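Written out below as structure tokens is the structure these notes cover.
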Amino acid sequence: MLSLDHQLLKMKRSFTLIAALVACFNFARAQDYVKYVNTLQGTDSNYGLSYGSTYPTIGLPFAEHFYSPQTNKNGEGWKYQYDAHEIRGFEQVHQCSPWMGDYAVFSLMPVEGELKVTDDDRAAAFKHENEIAKPSYYKVKFDNGMAAAVTVTERGANMRFNFTGKADNYIVFDGYRGDCQLQIIPEERKIVGYVTNGTFIPKGFKNYFIIQFNQPFTAFGTWQKENNLITKGEKTKSGKAIGAYLQFKKGAVVECKMASSYISSEQAQLNFDRELKPFKSFEQTQAAATKIWNDMLGRVAVEGGTEDEKATFYSCLFRANLFSRKFYDLDKDGKPYYYSPYDEKIHNGYMYTDNGFWDTFRAQFPLSNILHPEMEGRYMQSLLDAQQQYGFFPAWSNPGMSGVMLGNHAISLLADAWAKGIHTFDPNQALAAYLHEATNKGFWGGSNGREGWKEYFSLGFVPKGEVYEYGAKTLEYAYDDFCAYNLAKMTGNTFYQQIFARQMYNYKNLYDPEVGFMRGKLRDGNWLPDFDPIEWGGPFTEGNSWQYSWSVFQDVNGLVKLMGGEEKFATKLDTFFTTNSNVKVGTYKQQIHEMTEMQLAKMGQYAHGNEPDMHVPYLYNYVGQPWKTQYRVRQIMDKLYNAGPKGYPGDEDQGQMSSWYVISALGLYSVCPGTDQYVIGSPVFNKATVSLENGKKFTVIANNNSKANVYIQSATLNGKTLNANYITYADINNGGTLVLQMGDKPNTSRGIGVEARPFSLSAQTKQ
């Protein structure tokens, strides 16, 4: 007879097993958030019209490497387009925007029958009904009967290729368009080497890879795209646009595992051993990746709403948690270190990349500060490290400095993090680095340092002249200077407060009261002639004066005064959303895709397909008409977003477009990053529960919510009446409950007082 201890131990094990089975059952039944995600969202895009300009990303949250099927030729920005009918390969990708291109790319492709190696020749036809596209798993069956599947780890992937057995079968490795060095090791069933490709890469940049197969090679060789040269039996090769081929027995099910590193081949092997070796099968790798995504997506659990709304929400939440990607590895002791794309040296610590701050300071970072404060703390220090290594902050890293777009929005990220309690960096170092940024011009593009900085400081605006997009730059410099001012104020640094106290009001110098809009100026202070608010370009970036006249995130109250008071401001907002959608192409000299997307939206001059005016629907909160914000944001979410291939109203820029939807669907938005406030809108779901890193939960309950009942009738925060049109980061991070009573008619008596207004600079400071 078993002793009592043994009986209890046996019972405990039985209960543990039962509990585990119940937990697994409940997880599958109640927490399968991945099922809602469609990674084909936004893929029906092209150069002339964007519904997202995405690719079906297979990758873990913020992972170092992603993967994707490739329908277009090597080097084309739109690597996967929904209307294509052939796949050319399965790439390791790092692309954050088709306009920036990709880097560190290589691919694998199954070939059956005659050996064909180039991306044009080896393409295989497929249909979307034979495609599964999820965050952790992609699978496609080709028209010829072959099949391919991909699943991922943070720094690697597991691929599976099924052949029909009707003909010879091969796997083709493609080193892409740049330099590649490879070695085939048949006795170990391996290919190793590195690739060097990309537009903004440093001179010494390499992506070291290791790929190991589960089947022996029956034959192998190398190839070179030039002259379509195939060399049978060759084990090593180096050069531009080269690759390898591996032959396997007919009908084989070929699996391979791969890992990469920017540091060394030894680190690539360590990544392989750490991340891929523990999984004995493709299914184990897939299950682990799916669990990571379910845990991530489940941190924002929504209830109510339609199945389509849940699909849109979780598809957007997926894309909101891809960029910025990790650009560091873990050494043999598990400590982070990285190859710097800024000084090409190896450093200890964390580094992140592939993000354009002009897009993402607006919503993606304010959302991540809620969901990922630990990562954001590491990120802020990495910004200062990058600045030390290069001399300027990155503005759009890809993977290093590019200088693309405008503004100096790294300071927005730093100030926003500090305002939200993320104090992992030295604010004095940040302010000194920003002063250098604001008083110098770097080597790369308009956002590397500050174009027109001398005129901006001396005249109070950037005039027309050698600097392009001078009006937009004036407005964005003023906002960035506010962020520096506010960071200095929050940290008690009066020196930097005094430096930026005047410049943060420079937006006033572009407002012309006679026409009622922001407009460009000449050096002598006169207005640029022949003004038309619907004309694109000139002083503005990818927009017109209608869109940029609202770009005063830091001081809406001051803008209201410029426009003649609250009533006139609200009327102008109404007109903005209801006027015609006509455009004049201006200095672009042709219709660009942002113009087309604005016209397709049919919301007046509101251009949600691009970033500059994404905050505008929330501005009614600043003039005592919050119900109009509630109506507009619900209209935008319902009309302009879905989970399909035409899922976005414009480019999904590194998570910004998605983050706007996610945070707006929760009923909130950060109009002025760099402060601790989130402005209230109108939530999509009856209930949304955010599980925070600190173990607390923040819940938004919208009673009586529906597509018709978009208006807030009353609000409470933790049981107390809330009349304000905003809450703070602390309200969220401390945990609690925001309860909104919804109805189908506006409550025109709630949130109308001056005390209900969100933050405005001129309402808090003396000018």
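These numbers come from a predicted model, not from an experiment. Only heavy atoms go into these numbers, but all of them, side chains included; no hydrogens, no water, no symmetry mates.
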* **Residue pair Tyr477 / Gln503, side-chain donor-acceptor N/O under 3.5 Å** => no

* Please round to the nearest 0.5 Å and tell me the distance separating atom CG of Leu666 and atom CZ of Phe685. => 8.5 Å

* Structure fact -> ring-ring contact (aromatic ring centres under 6.0 Å, His included) test vs Trp550 passes for just one of Phe569, Tyr511, Tyr479, namely Phe569

* Asked: Can you tell if the side chain of Arg299 reaches within under 4.5 Å of the side chain of Val690, non-hydrogen atoms only?
  -> no

* Asked: Do Tyr622 and Val671 come close enough that some side-chain heavy atom pair is under 4.5 Å?
  -> yes

* Does the ring center of His615 lie less than 6.0 Å from the ring center of Phe553? -> yes

* **Closest contact, heavy atoms only, Glu376 versus Ile422** => CB-CD1, 3.9 Å

* For Ser53 and Asp651, does a side-chain donor sit closer than 3.5 Å to a side-chain acceptor? -> yes

* Asked: Hey, are the side chains of Glu469 and Phe540 touching, using non-hydrogen atoms and a 4.5 Å cut-off?
  -> no

* Asked: Any side-chain donor paired with an acceptor under 3.5 Å for Ser658 and Tyr648?
  -> yes

* Structure fact -> On a heavy-atom basis, the closest approach of Tyr507 and Leu559 is OH-N, 4.0 Å

* Do you see a donor-acceptor pair shorter than 3.5 Å between the side chains of Thr579 and Thr575? -> no

* Residues in side-chain hydrogen bond (donor to acceptor under 3.5 Å, both in side chains) contact with Thr728, at least two apart in sequence or another chain -> Asp731

* Asked: Less than 4.5 Å apart, any side-chain heavy atom of Glu594 and any of Trp536?
  -> yes

* **Ser682 versus Arg634, side-chain donor and acceptor atoms under 3.5 Å** => yes

* To do: Establish, from distance only, whether the side-chain atoms of Ser749 and Asn747 form a donor-acceptor pair under 3.5 Å.
  => yes

* **Proximity of His593 and Tyr51 rings by center, below 6.0 Å** => no

* Taking all heavy atoms of Ile701 and all of Thr737, pick out the closest pair and write down the distance. => CD1-CG2, 3.9 Å

* Thr474 versus Asn506, closest heavy-atom pair with distance -> CG2-O, 4.1 Å

* To do: Using only heavy-atom distances, determine whether the side chains of Tyr711 and Lys628 contain a donor-acceptor pair under 3.5 Å.
  => no

* Strictly by modelled atom types, are Tyr618 and Ser664 linked by a side-chain donor-acceptor pair under 3.5 Å? -> yes

* Is it the case that Asp613 and His608 place a side-chain donor and acceptor less than 3.5 Å from each other? -> no

* Asked: Do you know which two heavy atoms are closest between Thr675 and Asp416, and how far apart they sit?
  -> O-OD1, 3.4 Å

* What distance separates Gln713 CD from Gln630 CD, expressed to the nearest 0.5 Å? -> 8.5 Å

* To do: For the residue pair Trp358 and Glu476, confirm or rule out a side-chain donor-acceptor distance under 3.5 Å.
  => yes

* Quick one: do Glu303 and Lys310 make a salt bridge, cutoff under 4.0 Å? -> no

* Structure fact -> CE (Met595) and CD (Glu597) are apart, to the nearest 0.5 Å, by 11.0 Å

* Answer yes or no: are there more than 12 heavy-atom neighbours, outside Asn526 itself, under 6.0 Å from its atom CG? => yes

* Structure fact -> Exactly one of Trp396, Phe393, Phe365, Phe323 clears ring-ring contact (aromatic ring centres under 6.0 Å, His included) with Phe357, and that residue is Phe365

* So, do Met637 and Val684 sit near enough that their side-chain heavy atoms are less than 4.5 Å apart? -> yes

* To do: Please determine which of Tyr496, Phe500, Phe482 meets the ring-ring contact (aromatic ring centres under 6.0 Å, His included) test together with Tyr434.
  => Phe500

* Check the surroundings of atom NZ in Lys639: do more than 12 heavy atoms from other residues, nucleotides or ligands lie under 6.0 Å from it? => yes

* **Close side-chain approach of Pro373 to Tyr729, heavy-atom, < 4.5 Å** => yes

* Check whether more than 12 heavy atoms from other residues, nucleotides or ligands sit under 6.0 Å from atom NZ of Lys572, and answer yes or no. => yes

* To do: Using the side chain to side chain contact (heavy atoms under 4.5 Å, CB included) rule, take Asn703 and Met742 through it: C-alpha gap first, then chi angles, then the decisive distance, then the call.
  => CA-CA 6 Å; Asn703 292 321; Met742 310 299 292; over 6 Å; no

* Donor-acceptor pair between Gln547 and Asn544 side chains, under 3.5 angstrom -> yes

* Minimal non-hydrogen separation, Phe698 against Ile727, with atom names -> CZ-CD1, 3.7 Å

* Asked: Roughly how far, to the nearest 0.5 Å, is the CG atom of Leu740 from the OG1 atom of Thr716?
  -> 7.5 Å

* Report yes if some heavy atom in the side chain of Pro366 is under 4.5 Å from a heavy atom in the side chain of Tyr669; otherwise report no. => no

* Does the separation of the ring centres of Phe425 and Trp418 fall below 6.0 angstrom? -> yes

* Ignoring hydrogens and angles, state whether a donor on the side chain of Tyr620 or Asp574 is under 3.5 Å from an acceptor on the partner side chain. => yes

* Residue pair Glu455, Lys464: steps toward the salt bridge (Lys or Arg N to Asp or Glu O under 4.0 Å) verdict -> CA-CA 10 Å; Glu455 293 84 355; Lys464 181 182 179 181; over 6 Å; no

* Asked: Does a side chain donor of either Thr689 or Lys697 reach within less than 3.5 Å of an acceptor in the other side chain?
  -> no

* Asked: Does a donor on one side chain and an acceptor on the other come within less than 3.5 Å for Ser324 and Gln654?
  -> no

* Is the shortest distance from a Lys or Arg side-chain nitrogen in Lys420 or Asp676 to a carboxylate oxygen in the other one below 4.0 Å? -> no

* To do: Kindly compute the distance separating CZ (Arg632) from OH (Tyr606), expressed to the nearest 0.5 Å.
  => 10.5 Å

* Indicate yes or no: at least one non-hydrogen side-chain atom of Tyr661 is less than 4.5 angstrom from one of Met657. => no

* Asked: Is any NZ, NE, NH1 or NH2 atom of the basic residue among Arg450 and Asp481 found under 4.0 Å from an Asp or Glu carboxylate oxygen of the other?
  -> yes

* Measuring from Met380:CE to His423:NE2, what's the distance to the nearest 0.5 Å? -> 12.0 Å

* Distance under 6.0 Å and angle within 45° of ring axis: Lys521 vs Trp527 -> yes

* Take atom CD of Glu693 as the centre, draw a 6.0 Å sphere, and report whether it contains more than 12 heavy atoms from other residues, nucleotides or ligands. => yes

